[in-house]
Amino acid sequence: GLGTVVKRHQYRGELVLEMRVPRGVRRFLVPKGPVAVDGVSLTVGACLTASTFTVHLIPETLRQTTLREVRPGDRVNVEVDYLAKLVRQFVRFA
(Lines give C-alpha, C1' and ligand atoms only; values in the text may rest on other atoms or scores of the structure.)
Protein backbone atom coordinates (compact mmCIF):
# COMPACT_ATOMS: atom_id res chain seq x y z
CA GLY A 1 0.00 0.00 0.00
CA LEU A 2 0.90 3.63 -0.16
CA GLY A 3 1.72 5.38 3.09
CA THR A 4 2.46 8.94 4.13
CA VAL A 5 5.14 10.05 6.56
CA VAL A 6 3.33 11.92 9.34
CA LYS A 7 6.14 12.74 11.76
CA ARG A 8 9.89 12.50 11.92
CA HIS A 9 11.67 12.47 15.27
CA GLN A 10 15.47 12.53 15.41
CA TYR A 11 16.85 11.12 18.64
CA ARG A 12 20.37 10.30 19.67
CA GLY A 13 21.21 7.11 17.82
CA GLU A 14 17.95 6.68 15.92
CA LEU A 15 15.38 8.27 13.68
CA VAL A 16 11.72 7.45 14.34
CA LEU A 17 9.25 7.77 11.49
CA GLU A 18 5.52 7.77 12.09
CA MET A 19 3.52 6.72 9.06
CA ARG A 20 -0.14 6.69 8.07
CA VAL A 21 -1.40 3.84 5.90
CA PRO A 22 -4.84 2.67 4.80
CA ARG A 23 -6.62 0.65 7.49
CA GLY A 24 -6.51 -2.38 5.18
CA VAL A 25 -2.72 -2.29 5.35
CA ARG A 26 -2.52 -1.34 9.03
CA ARG A 27 -4.53 -4.39 10.16
CA PHE A 28 -1.59 -6.61 9.10
CA LEU A 29 0.93 -4.69 11.22
CA VAL A 30 1.79 -5.67 14.78
CA PRO A 31 4.40 -4.27 17.19
CA LYS A 32 7.78 -5.94 16.60
CA GLY A 33 6.40 -7.47 13.37
CA PRO A 34 7.93 -7.15 9.91
CA VAL A 35 7.21 -4.38 7.42
CA ALA A 36 9.00 -3.08 4.33
CA VAL A 37 9.11 0.65 3.64
CA ASP A 38 10.31 1.63 0.17
CA GLY A 39 11.79 -1.85 -0.15
CA VAL A 40 13.71 -1.70 3.14
CA SER A 41 12.91 -4.52 5.56
CA LEU A 42 12.17 -3.06 8.98
CA THR A 43 10.47 -3.88 12.27
CA VAL A 44 7.31 -2.11 13.37
CA GLY A 45 7.97 -0.07 16.50
CA ALA A 46 4.46 0.71 17.69
CA CYS A 47 0.96 0.66 16.23
CA LEU A 48 -0.41 3.99 17.39
CA THR A 49 -3.87 4.21 15.86
CA ALA A 50 -6.06 2.30 13.41
CA SER A 51 -4.03 3.85 10.60
CA THR A 52 -0.59 4.81 11.98
CA PHE A 53 2.58 3.01 13.04
CA THR A 54 6.23 3.79 13.72
CA VAL A 55 9.58 2.42 12.64
CA HIS A 56 12.91 3.12 14.35
CA LEU A 57 15.88 3.55 12.04
CA ILE A 58 19.41 3.00 13.27
CA PRO A 59 22.41 4.88 11.84
CA GLU A 60 23.50 1.98 9.59
CA THR A 61 20.02 1.79 8.00
CA LEU A 62 20.11 5.54 7.43
CA ARG A 63 23.56 5.29 5.81
CA GLN A 64 22.58 2.43 3.51
CA THR A 65 19.11 3.60 2.38
CA THR A 66 17.26 6.67 1.13
CA LEU A 67 14.96 6.67 4.17
CA ARG A 68 17.22 9.32 5.72
CA GLU A 69 15.71 11.76 3.21
CA VAL A 70 11.99 11.25 3.87
CA ARG A 71 10.06 14.10 5.46
CA PRO A 72 6.48 14.57 6.71
CA GLY A 73 4.13 14.56 3.76
CA ASP A 74 6.32 12.26 1.66
CA ARG A 75 4.66 9.16 0.21
CA VAL A 76 6.29 5.76 0.75
CA ASN A 77 5.55 2.24 -0.41
CA VAL A 78 4.56 -0.04 2.49
CA GLU A 79 4.57 -3.82 2.15
CA VAL A 80 3.23 -6.14 4.82
CA ASP A 81 4.39 -9.63 5.68
CA TYR A 82 3.33 -12.26 3.16
CA LEU A 83 2.69 -14.84 5.88
CA ALA A 84 0.27 -12.47 7.63
CA LYS A 85 -1.67 -12.09 4.38
CA LEU A 86 -1.82 -15.88 3.94
CA VAL A 87 -3.11 -16.42 7.49
CA ARG A 88 -5.76 -13.74 6.97
CA GLN A 89 -6.90 -15.39 3.74
CA PHE A 90 -6.99 -18.83 5.36
CA VAL A 91 -9.05 -17.59 8.31
CA ARG A 92 -11.43 -15.73 6.03
CA PHE A 93 -12.20 -18.81 3.91
CA ALA A 94 -11.96 -21.52 6.59
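Each residue takes its place number in the sequence, starting with 1.
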Working for side-chain contact (heavy atoms from CB on, under 4.5 Å), residues Val35 and Phe28: CA-CA 9 Å; Val35 65; Phe28 291 106; over 6 Å; no
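- Rounding to the nearest 0.5 angstrom, the gap separating the CG atom in Leu67 from the CG atom in Leu15 is 8.5 Å.
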Residues Thr4, Val76; criterion side-chain contact (heavy atoms from CB on, under 4.5 Å); working and verdict: CA-CA 6 Å; Thr4 303; Val76 292; over 6 Å; no
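- Closest non-hydrogen pair, Asp74 versus Arg71, comes out as OD2-N, 2.8 Å.
- With hydrophobic clusters built from ILVMFWY side chains whose heavy atoms lie under 4.5 angstrom apart, Val6 does not share a cluster with Val44.
- In this structure, Gly45 and Pro31 approach most closely via the heavy-atom pair O-CB, 4.0 Å.
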Worked verdict on Leu57 versus Val16 for side-chain contact (heavy atoms from CB on, under 4.5 Å): CA-CA 6 Å; Leu57 307 174; Val16 178; over 6 Å; no
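- In this view, Glu60 and Arg63 satisfy the salt bridge (Lys or Arg N to Asp or Glu O under 4.0 Å) rule, not counting sequence neighbours.
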Verdict with supporting geometry, Val21 and Phe53, side-chain contact (heavy atoms from CB on, under 4.5 Å): CA-CA 8 Å; Val21 291; Phe53 71 99; 3.7 Å; yes
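- The CZ atom of Arg75 lies 4.0 Å from the CG atom of Leu2; values are rounded to the nearest 0.5 Å.
- Shown here for Pro34 and Leu29, the closest heavy-atom pair between the two residues is O-CD2, 4.2 Å.
- Here CD of Glu79 is found 11.0 Å from CG of Leu42. Values are rounded to the nearest 0.5 Å.
- Counting only distance, with no hydrogens or angles, the side chain of Asp38 and the backbone of Asn77 share a donor-acceptor pair below 3.5 Å.
- Side-chain atoms of Thr54 come within 3.5 Å of backbone atoms of Ala46 as a donor-acceptor pair (strictly under, hydrogens ignored).
- Contact record, Thr49 with Arg26: O-NE, 3.0 Å, taken as the closest heavy-atom pair.
- In the hydrophobic clustering of this structure, Val80 does not group with Leu48; members are Ile, Leu, Val, Met, Phe, Trp, Tyr whose side-chain heavy atoms approach within less than 4.5 Å, directly or through other members.
- For the atom pair OG1 (Thr52) and CD (Glu18), the distance works out to 5.0 Å, reported to the nearest 0.5 Å.
- Within the model, atoms OG of Ser51 and CE of Met19 stand 13.0 Å from one another, a figure rounded to the nearest 0.5 Å.
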